[in-house]
Amino acid sequence: MSETKEMQPRYEPAGVEERWQRTWEDEGLYRAVPDPSKTPFVDAHPPPNVTGELHMGHALQLAVGDTIVRMKRMQGYNVLFQPGYDHAGISTQNAVEKALLREGTSRQELGREKFEARVWEWLHEYGGKILVQFRRMGASLDYSRTRFTMDEAYVRAVMRFFVHLYRKGWIYRANRIINWCPYHQTSLSDLELVHVDVDDVLSTIRYPLADGDGHIAIATVRPATIPADVAVAVHPEDDRYKHLVGREVIVPWTEQRVPVIADERVEREFGTGALKITPGHDPTDFAIGRDHGLPEPSCIGLDGLVTAAGLEGLTQKEAEEKILDWCRERGLLEKRESYRHTVALCERCETRIEPLISLQWWCSMEELKRRPLELLRAREIVYHPESQHRFAIDSLENAPDWNISRQIWWGHQLPVWTCPDGHLTVQETEPEACADCGSTELTRETDVLDTWFSSALWPFATLGWPDDTEDLRHFYPGHLQTTAREIIRLWENRMIFSGLELLGEKPFSDVIIHSTVLAPDGRRMSKSLGTGIDPLEVIERYGTDPTRYGLLKNSLTQDVRFSYAAIEEGAKLANKLWNAARLIVTSCEGALPAERPASLEERWILARLSQTQREVERLLGEFDFAHTTDALYHLTFDDFCDWYLEAVKARLYDGDADARATATAALERLLKLLHPLLPHVTEEIWSHLPERETRLIVAPWPEAGGEEEAGALQRVQESAQVFRRSGIVPQLEGDEKRIFDAVVKPERAPQRGGADAEAERARLRKEIARAEGMLANERFVENAPAEVVAAEREKLERYRRELEAVGDA
RNA sequence: GGGCGCAUAGCUCAGCGGGAGAGCGCUCGCUUCACACGCGAGAGGUCCCUGGUUCGAUCCCAGGUGCGCCCACCA
């Protein structure tokens, strides 16, 4: 399938990349088909939010997964790289609501059914955008298998999961304090909040003792919640208040009598050391209240407005004013001081969160987390880098029960029906009648499930579960996951326990937690800061190959700053490779004779290719992309181009058949090693090589041969170094002399003066003195490892040899 | 308040017990028939500070300083 196109001196990714992306997909080379004769390799790529535009983190994530997957595919694995997108409950609902607002209407006006229809409409318009972006990033996903978490089949999996957990007794309904977003009118998990610092006012208010004997002062930033106070708490060891425990105080405004209790969760150092207890509107107070058996009244409604007697319908600010005035009149307001603290906001709309008590659905984690922990501890599932493995274990150990219900409209409605008598019927599909009393007047639970409840099924719901499909049998359990750090607890842990619980096997064995890509100035990339860089714009400018190279050049262990320089390095590598290929292709037209690598430089480059291949296999096995790029960059520039090609160039021009055959073979191997990293340029070059039977993307990964000759050019390279520094031509013979003359071109090199030679001698003498000094140190020779001492001896000999060559004046 | 991580050349970063490295940038020399997104040479560094362990520390340990991220109910 060689195509005879002229190769331009400069490689231009534009056009070439899109062409290959189409070709690979059209020729079905991304397709994954179950085949029992092959070993599967599965990476279920995280489904981005359907509303989203891909950001730099997605680009990195895709590059990481795609690089591994491309190597595996060439190595003969039956690769499934699964694409799709997530319905992203609240985030999607938000986007559509914003659109409705612009049209002058609202979700409430439309009603639930019309709103849902509207979301689907919106999805049909924008939902495909993600996949276009995936393709443009060169991701070799099997697009024919694209799944959506609200597909009919997927919904069935979600319902099955819920019913399964319910029947196990792990799903329950309970009143708990939750994070309530008054704007979205829904509960939110702790992980859906953002915390920001705000300037607030801390008020110190006196609660008179019921027996008239003085007062206790408490400090609060939320006087509006005073009407729901049920106690005042002090630390049990606090000598200031010990004597008051068990007595009663009078709550301002309501003038209710409440007890003084002791609890060690009270911070003695904060404020006055006394804390008002409002279980209905504060998580700490809620916990303390439950432990002390206190009532849980509320004074703030779901809309965030106050409901307390005499304050009905007021905003919290207004209520606060009234209460503070009330206190002031009675001399109970001790002081007001400015106070900076953090508050929780809804991450979607940045509305201040109200902690409220609400009836929610929960999933108990006690049983579900047991086996995942065993597997993680046994390292049957491994997070990379190692620090994230420990974090994953910690976060699972401490996983609280999971609030799985949300009071929004867009999502999977709970498969729970209630009859007028309050019996619950829980089953996958709509029941005819109540399971308990046979009533046919059933109403379905209006809550929907947390988005992550469905995401948790991604590795197998995409394969057809709950049906026993061929896909499932062949492609489950999978292997790789690539994810951002912040969703380990939201997603990774839940995929693991759901896979183990429902299918009995872990969904994957390795999880790569990639780094966060920061803006060039080290700040977070974010739209609101204006620091975001659109990966598609970078791709437009530099090409996909350079972009993924630039992103992968960084280590996984720490956050990295986005760097155009790294991407330009990738562009240079692509261009260098292109030109190396141009030299070989243009001088090697015509039939190829048998390969017979006879000369020193040929044996050397083939050994270097093998050596680097092993290194790349090892590095990618450890998911070390930074060193992979480094090794391949130097292999291409230094070894392949600057030494090997320079050495054989003359023979290629002369039409030496053996040289041409070996050059083509060597280039072929170089292209294979580089393909996972730079898929497009390597495939394009491959298409210019004569008589290729397959596309490079599915060409077999080479067998790494021997490495014995990898050091064969050492003497020539050392001589070159000495010559270039000193101008002194070394004594070499045969192949070594020929290579030296071809690569170093002594006749063309500028004549060096005596100063250079003298500088070189001085350098060598210094090195020799250092090495001699070390070897003269008995304690070094005795205590240092034998190989370290031997290496030092070798160095000494080499320096002496070089000094002799330079002429020890 | 917990947890994790980072401080190495002008910049971005690798190295992590025995010669201080890469890429970019900078200086100098190359109109060498694959490539100037090239080739060659070079300048540039108390490897954050203070102690400790060691024959030997950029690397290990302790403390300090300065950053970053994640988590957390100080009202």
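Each chain gets a letter, A, B and so on, in the order its sequence line appears, and its residues count up from 1. Atom set for the values below is all heavy atoms of this structure, side chains included, hydrogens, waters and symmetry mates excluded.
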* To do: List the atom of A/Arg336, the atom of A/Ser203, and the distance in Å for their closest heavy-atom pair.
  => NH1-OG, 2.8 Å
* **Base-paired stems that RNA chain B participates in, counting runs of 3 or more Watson-Crick or G-U pairs under 3.5 Å** => B:1-7 with B:65-71, B:10-13 with B:21-24, B:26-30 with B:38-42, B:48-52 with B:60-64
* Hey, is the side chain of A/Tyr339 poking within less than 4.0 Å of OP1 or OP2 on B/C74, counting only N and O atoms? -> no
* To do: Rounded to the nearest angstrom, tell me the gap between atom CD1 in A/Ile488 and atom P in B/C71.
  => 11 Å
* Test salt bridge (Lys or Arg N to Asp or Glu O under 4.0 Å) applied to A/Glu646 and A/Lys745, step by step -> CA-CA 10 Å; A/Glu646 290 301 326; A/Lys745 303 185 180 71; 3.2 Å; yes
* Asked: Between A/Arg561 and B/U12, does any side-chain N or O lie under 4.0 Å from OP1 or OP2?
  -> yes
* Apply the test side-chain contact (heavy atoms from CB on, under 4.5 Å) to residues A/Leu60 and A/Leu552: give CA-CA distance (whole Å), side-chain angles for both, the deciding distance (0.1 Å), then the verdict. => CA-CA 7 Å; A/Leu60 172 59; A/Leu552 290 176; 4.2 Å; yes
* Asked: Salt bridge or not for A/Glu296 and A/Arg290, using N-O below 4.0 Å?
  -> yes
* **Parallel, tilted or perpendicular, as decided by the 30° and 60° cut-offs, for the rings of A/His384 and A/Phe623** => perpendicular
* Asked: Between B/A36 atom C1' and A/Asp642 atom CG, what is the distance in whole Å?
  -> 14 Å
* Asked: Rounding to the closest angstrom, what is the interatomic distance between B/U32 and B/A14 at atom P?
  -> 39 Å
Restricting both atoms to N or O, compile the protein contacts to nucleotides 20-23 of chain B shorter than 3.5 Å, with distance only.
| residue | atom | partner | partner atom | Å |
| --- | --- | --- | --- | --- |
| B/G23 | O2' | A/Glu569 | OE1 | 2.7 |

* Please work out which of the three classes, parallel, tilted or perpendicular, describes the rings of A/Tyr549 and A/Tyr633, given edges at 30° and 60°. => tilted
* Could you tell me whether the side chain of A/His389 and the main chain of A/Pro385 form a donor-acceptor pair under 3.5 Å? => no
